[in-house]
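The sequence lines fix the lettering, A, B, ..., with proteins before strands; numbering per chain opens at 1.
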Amino acid sequence: EDQVTQSPEALRLQEGESSSLNCSYTVSGLRGLFWYRQDPGKGPEFLFTLYSAGEEKEKERLKATLTKKESFLHITAPKPEDSATYLCAVQAGGNTPLVFGKGTRLSVIA
Amino acid sequence: GAVVSQHPSWVICKSGTSVKIECRSLDFQATTMFWYRQFPKQSLMLMATSNEGSKATYEQGVEKDKFLINHASLTLSTLTVTSAHPEDSSFYICSSPGSYGYTFGSGTRLTVV
């Protein structure tokens, strides 16, 4: 059974305090690993897709990396507007539903 | 980019009544639609998969007679929660896959009182 585990469940950072979120996964044939941002009462907002171990992608203060067992979302010098829940999900086959982790609730305090 | 419009964004209904949630693909043909449910501080859990013109397939533990899914066209998929109860209160989200990735609706907050 495909599984995604995210840690920590919640993270509180001071503005400018860099940190990393973890996503561990077990999947029978990874087609892609996805990171999303979700604000309260909203649908997930796409951030990154990673396809193979060693791949890295960046967007503003965010950088996602992938190994064969886990992915990290690095947040550099976060700002209060980065506060949200960050979701990790895996795709095991073409056009199959994503399997999501429970997310990490990030709070950035000014 | 691909957009899925989901309505309503929130709804309050009385126990025993039915509620319909719509997801429309605005600029692409959504052959497949995934329906998820999300409880507070929990993950998005897949409820069912619908394909245009065929019956939906439901995940284990999801009552197909309670959660009616219709995908009669390539641009519209609907989820009807029948005889709603307070335990059905949740956040419902639709998602459609494609060459552009996965597009999500904005979600529907259902509260059953």
message: Only pairs of heavy atoms separated by less than 4.5 Å count here; which of A:Gly103, A:Ala10, A:Gly32, A:Gly101 has the most with chain B?
response: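 That would be A:Gly101.
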- request: Measure B:Tyr102 against the heavy atoms of chain A and call it side chain, backbone, both or neither at under 4.5 Å.
  value: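 Contact with chain A is through both the backbone and side chain of B:Tyr102.
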query: Under a 4.5 Å heavy-atom cut-off, does chain A meet the side chain of B:Gln6, its backbone, both or neither?
result: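 Contact with chain A involves no heavy atom of B:Gln6 at all.
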- prompt: What heavy-atom pair brings A:Pro97 and B:Phe34 nearest, and what distance separates the two atoms?
  reply: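 That closest heavy-atom pairing would be N-CZ, 3.3 Å.
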Reported [atom1]-to-[atom2] distance for the pair [X] and [Y], which is rounded to 0.5 angstrom:
X: A:Leu98; Y: B:Tyr36; atom1: CG; atom2: OH; value: 4.5 Å
X: A:Lys102; Y: B:Met45; atom1: NZ; atom2: CE; value: 9.0 Å
X: B:Gln38; Y: A:Gln38; atom1: CD; atom2: CD; value: 4.0 Å
X: A:Lys42; Y: B:Ser9; atom1: NZ; atom2: OG; value: 8.0 Å

field: Test item: B:Ser43 and A:Val99 side chains (from C-beta on) under 4.5 Å apart, heavy atoms
entry: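 Heavy-atom side-chain distance check fails, nothing below 4.5 Å.
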In terms of hydrophobic clustering (I, L, V, M, F, W, Y; side-chain heavy atoms under 4.5 Å; direct or indirect links), are [X] and [Y] co-clustered?
X: A:Phe48; Y: A:Phe100; answer: no
X: A:Tyr36; Y: A:Leu106; answer: no
X: B:Val11; Y: B:Leu76; answer: no
X: A:Trp35; Y: A:Val90; answer: yes
X: A:Leu33; Y: A:Tyr86; answer: yes

- request: Assert yes or no for the condition that the ring centre distance of B:Phe104 to A:Phe46 is strictly below 6.0 Å.
  value: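 No - the distance between ring centres of B:Phe104 and A:Phe46 does not fall below the 6.0 Å cut-off.
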- prompt: B:Thr49, B:Thr32, B:Val4, B:Leu44: which one forms the most heavy-atom pairs within less than 4.5 Å of chain A?
  reply: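 Ranked by contacts with chain A, first place is B:Leu44.
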query: Under 6.0 Å from the CZ atom of A:Arg12, do we count more than 12 heavy atoms belonging to anything else shown?
result: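 No, because the 6.0 Å sphere around CZ of A:Arg12 holds 12 heavy atoms or fewer from other groups.
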message: Check this for me: A:Glu9, atom CD, are more than 12 non-hydrogen atoms of other residues, nucleotides or ligands nearer than 6.0 Å?
response: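 No, CD of A:Glu9 has 12 or fewer neighbouring heavy atoms, counting only those of other groups under 6.0 Å.
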